[in-house]
Amino acid sequence: MINWLNENVLWLIPAAPLLACLWIVLVGQVVGRKYAHRPLVLGLAVSLTASLYLLAFALPHELKEGHHAVTAPIYQWINVGTIDVPVTLRADAMSALMLTMVTSVSLLVAIFASSYMKGDPGYPRFFAAMSLFVFSMCMLVLAGNFLLLFVFWEAVGLCSYLLIGFWFHKPSAAAAAKKAFVVNRIGDFGLILGIFLIWQTFGTLDFATLFESPKLINGILAGQPEIFHWICILLFIGAVGKSAQFPLQVWLPDAMEGPTPVSALIHAATMVTAGVYLVARCTPFFVHAPYVQMTVAGIGAATALIAAITALTQYDLKRVLAYSTVSQLGYMFMSLGAAGAGEGLALHAVTFAMFHMFTHAFFKAVLFLSAGSVMHAMGDVIDMRRFSGLRKALPITHWTFLAGALALAGVPLLSGFWSKDEILAVLAAASRGGEHAGFYGIILGIALLTSLMTAFYTFRAYFMTFWGEEKFPEEAGHHPHDAPPAMAGPLAILAVAALAIGLLTGPTHLYGHYLHHTPGLPEGHEFPIDWLMMGISSILAAVGIGAAYQLYVVSPRIVENLQQRLSLAYQASQNGLYIDWFGYKFIAAPLRGLAKICEFFDKWVIDTLVDCVGFIPGLFGSIIRPVQNGMVQNYAVVMMLGLVVCLITVLRALAGTH
């Protein structure tokens with residue numbers, strides 16, 4: 001009975017949002033457009049309940065029985081020759097933690113959106129797309145093999161296109177959706193090549209076969225160890241696209257053109273976390289490719305620094321948070337890359353990256369939804385130069401945003417402090433010894449600098465929005481309203497989680513000890529608390545917050561003077577270090593030129609040749625057309641002439657023989 005329940009709870013997790021999507025599309029328009037959110041909220045409540053059951057009961061029961069994961073075969077998908085790809089749902093410790101995060105945050109975002117999106121003409125379409133999005137993410141996490149993972153990897157990309165471009169009548173939203181879709185295809189090309197190479201190398205794509213039996217990997221390692229570098233770099237290219245790492249990070253800030261609940265969903269719990277999940281899932285491969293792991297850490301550090309520098313001068317509140325997401329994802333990849341510094345660090349590097357992703361989901365969700373509440377109250381204005389002093393007018397939004405800001409800045413004892421501090425600690429350990437200690441020392445320095453800038457730009461946004469003279473834009477009216485109950489409830493729950501969930505699962509090692517049951521993760525000793533890094537990170541958070549208070553509350557004129565004196569650096573920061581411009585100028589524009597040349601060649605050379613070939617039968621037809629005119633008497637004359645010619649030819653031939 002328990003085994004039957006454990007298997008069936010797996011398919012229930014993705015099935016609930018899928019059924020919600022089908023109901024909204026097929027029945028929702030008839031039953032009532034204004035109730036389109038209810039099937040999704042109910043479906044996500046079911047998914048969350050099933051995920052919690054999986055986390056707390058089903059998986060621990062399987063572990064006691066000696067099984068590493070809960071599996072549920074659905075049907076045989078592909079079985080041709082040596083290719084055997086069933087649709088099998090599989091959940092281990094990493095999957096269970098991911099599903100709990102995805103479904104809980106998605107449920108709160110859906111409740112928030114039910115009020116935020118009220119009155120929008122596309123209300124049912126929004127919740128249908130959101131249902132499909134969550135279904136795709138759950139299936140990605142539950143996929144039992146690489147090919148099934150890739151299918152829903154693409155489905156997540158499709159849903160992000162639909163949601164980012166939800167207001168498709170806006171040219172900026174349509175362009176942002178296309179940009180996200182195209183940039184992600186670049187990374188996905190690397191991922192599909194990596195999956196093909198895995199199949200060619202191991203003869204299977206099944207996670208259980210690849211990760212639960214080290215003999216298969218050890219056999220390949222003995223014969224062709226270099227293959228792991230190629231596999232890992234291709235998989236990482238896929239992660240770079242999905243998790244918006246340098247140089248493919250350009251799509252994520254533009255994704256702000258979608259509704260704010262979409263921003264919260266993408267940035268906090270779904271799409272961008274897929275790349276981190278992929279690299280963590282493939283740790284059994286990456287531990288055998290140390291130079292690829294150094295690449296992972298280097299790309300993560302570059303991304304974190306570039307995004308933090310860009311966030312320093314943005315005035316769009318949502319874009320500040322978007323660049324913050326890019327930067328925090330860089331932190332996660334820095335941690336994943338530190339696994340290459342030594343066997344003893346691999347387990348903890350992966351654990352701390354996943355833990356930061358877990359805490360980040362809650363405090364980034366509350367920040368985005370709070371920004372949405374500000375936008376909702378300010379008449380869709382999100383430029384921080386047009387409003388200020390909102391803490392009295394929007395008390396609920398103010399306190400929830402502050403909770404998320406404190407957690408993101410890494411204030412001691414809050415969620416971001418515990419997870420970010422552990423990443424700094426593992427980077428410090430990687431920099432103290434080993435062949436590549438100097439490299440990881442540089443990565444640690446970048447991480448500390450980024451930590452300081454994170455605290456500064458986060459509280460720059462907070463002080464510009466909620467402190468200073470009370471000022472509202474014209475679009476807000478005279479008395480802007482705070483978040484209504486359907487928006488305030490999720491904000492309050494996420495704010496509490498942002499403050500407390502790190503303390504509950506970090507120093508207690510509750511998250512780490514559970515994650516360690518994931519098959520394929522290397523063994524590791526107990527990781528000591530790094531009091532030095534803890535102290536340094538606390539000081540950096542205090543300095544960043546203090547500097548933001550001094551510049552944007554006490555002496556705002558200093559900012560104006562700095563902008564004038566450092567105008568070039570200021571412009572570079574505002575324009576994202578011109579990475580977008582560089583990509584368009586030196587990559588997109590030349591490719592467009594090549595496309596125009598190809599179009600010209602196709603139209604005037606290929607088409608001309610094809611037209612000439614088609615002209616030849618017409619030419620012959622014009623010659624014989626006077627004869628083939630449909631008049632029977634003419635045909636008889638031609639036949640008689642032909643007969644006469646044949647007779648003359650025969651007679652002359654006979655005369656010649658004698």
Side-chain angles (χ1 to χ4, degrees), residues 22 25-26 29-30 75-85 87 122 125 128-129 132 147-148 150-155 157-159 161-162 165 168-171 173-175 177-193 195-197 199-200 584-658:
L22 295 174
V25 171
L26 300 176
Q29 299 283 355
V30 178
Y75 69 95
Q76 187 65 38
W77 180 21
I78 302 174
N79 190 358
V80 180
T82 58
I83 304 177
D84 182 18
V85 184
V87 176
R125 176 167 56 89
L132 191 62
L147 191 56
L148 191 62
F150 182 77
V151 169
F152 288 99
W153 185 277
E154 293 299 301
L158 170 63
C159 294
Y161 171 80
L162 297 174
F168 54 85
H169 56 276
K170 292 172 54 180
K178 287 188 290 185
K179 186 176 184 179
F181 193 79
V182 171
V183 172
N184 271 273
R185 298 294 73 72
I186 298 171
D188 295 351
F189 181 68
L191 176 59
I192 193 63
L193 289 179
I195 292 173
F196 179 75
L197 189 56
W199 176 69
Q200 284 284 84
Y584 177 81
K585 194 78 173 176
F586 296 100
I587 299 176
L591 288 175
R592 284 189 176 185
L594 178 62
K596 288 187 178 296
I597 293 172
C598 293
E599 181 187 19
F600 177 85
F601 185 80
D602 179 67
K603 184 176 181 179
W604 298 105
V605 178
I606 303 298
D607 282 1
T608 301
L609 289 174
V610 172
D611 291 343
C612 288
V613 172
F615 178 73
I616 293 172
L619 181 63
F620 283 106
S622 64
I623 296 173
I624 66 171
R625 189 174 295 115
V627 178
Q628 297 288 342
N629 56 13
M631 298 180 69
V632 178
Q633 59 270 32
N634 289 353
Y635 296 162
V637 171
V638 172
M639 290 173 64
M640 289 298 297
L641 290 174
L643 181 59
V644 169
V645 171
C646 289
L647 288 173
I648 292 172
T649 303
V650 171
L651 291 173
R652 292 187 64 180
L654 292 173
T657 57
H658 298 288

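Worth saying up front: this structure is predicted, and the values here are computed from it rather than measured.
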Crowding at OH, Y161 (>12 non-hydrogen neighbours, <6.0 Å): no
When rounded to the nearest 0.5 Å, the distance separating CG of D611 from CD1 of I606 is 11.5 Å
Kindly compute the distance separating CG (D607) from CG (L609), expressed to the nearest 0.5 Å. 9.0 Å
Where do Q76 and N79 come nearest, in terms of heavy atoms and distance? NE2-CB, 3.7 Å
Can you tell me if K585 has over 12 outside heavy atoms packed within less than 6.0 Å of its NZ? no
Student check: side-chain heavy atoms of W77 and L147 closer than 4.5 Å: yes
Passes side chain to side chain contact (heavy atoms under 4.5 Å, CB included), L148 versus V85? Steps please. CA-CA 8 Å; L148 191 62; V85 184; 5.6 Å; no
R185 NZ/CZ over F181 ring centroid, <6.0 Å and within 45° of normal: yes
Would you give the length of the straight line joining atom CG of D602 to atom CD1 of I597, rounded to the nearest 0.5 angstrom? 13.5 Å
To the nearest 0.5 Å, what is the distance between OH on Y584 and CZ on R592? 4.5 Å
Within this structure, what is the CG-CG distance for the pair D188 and L193, rounded to the nearest 0.5 Å? 11.0 Å
Would one find more than 12 heavy atoms of other residues, nucleotides or ligands at under 6.0 Å from atom CZ of F615? no
Spell out, as yes or no, whether a donor-acceptor pair under 3.5 Å connects the side chain of E599 to the backbone of F601. no
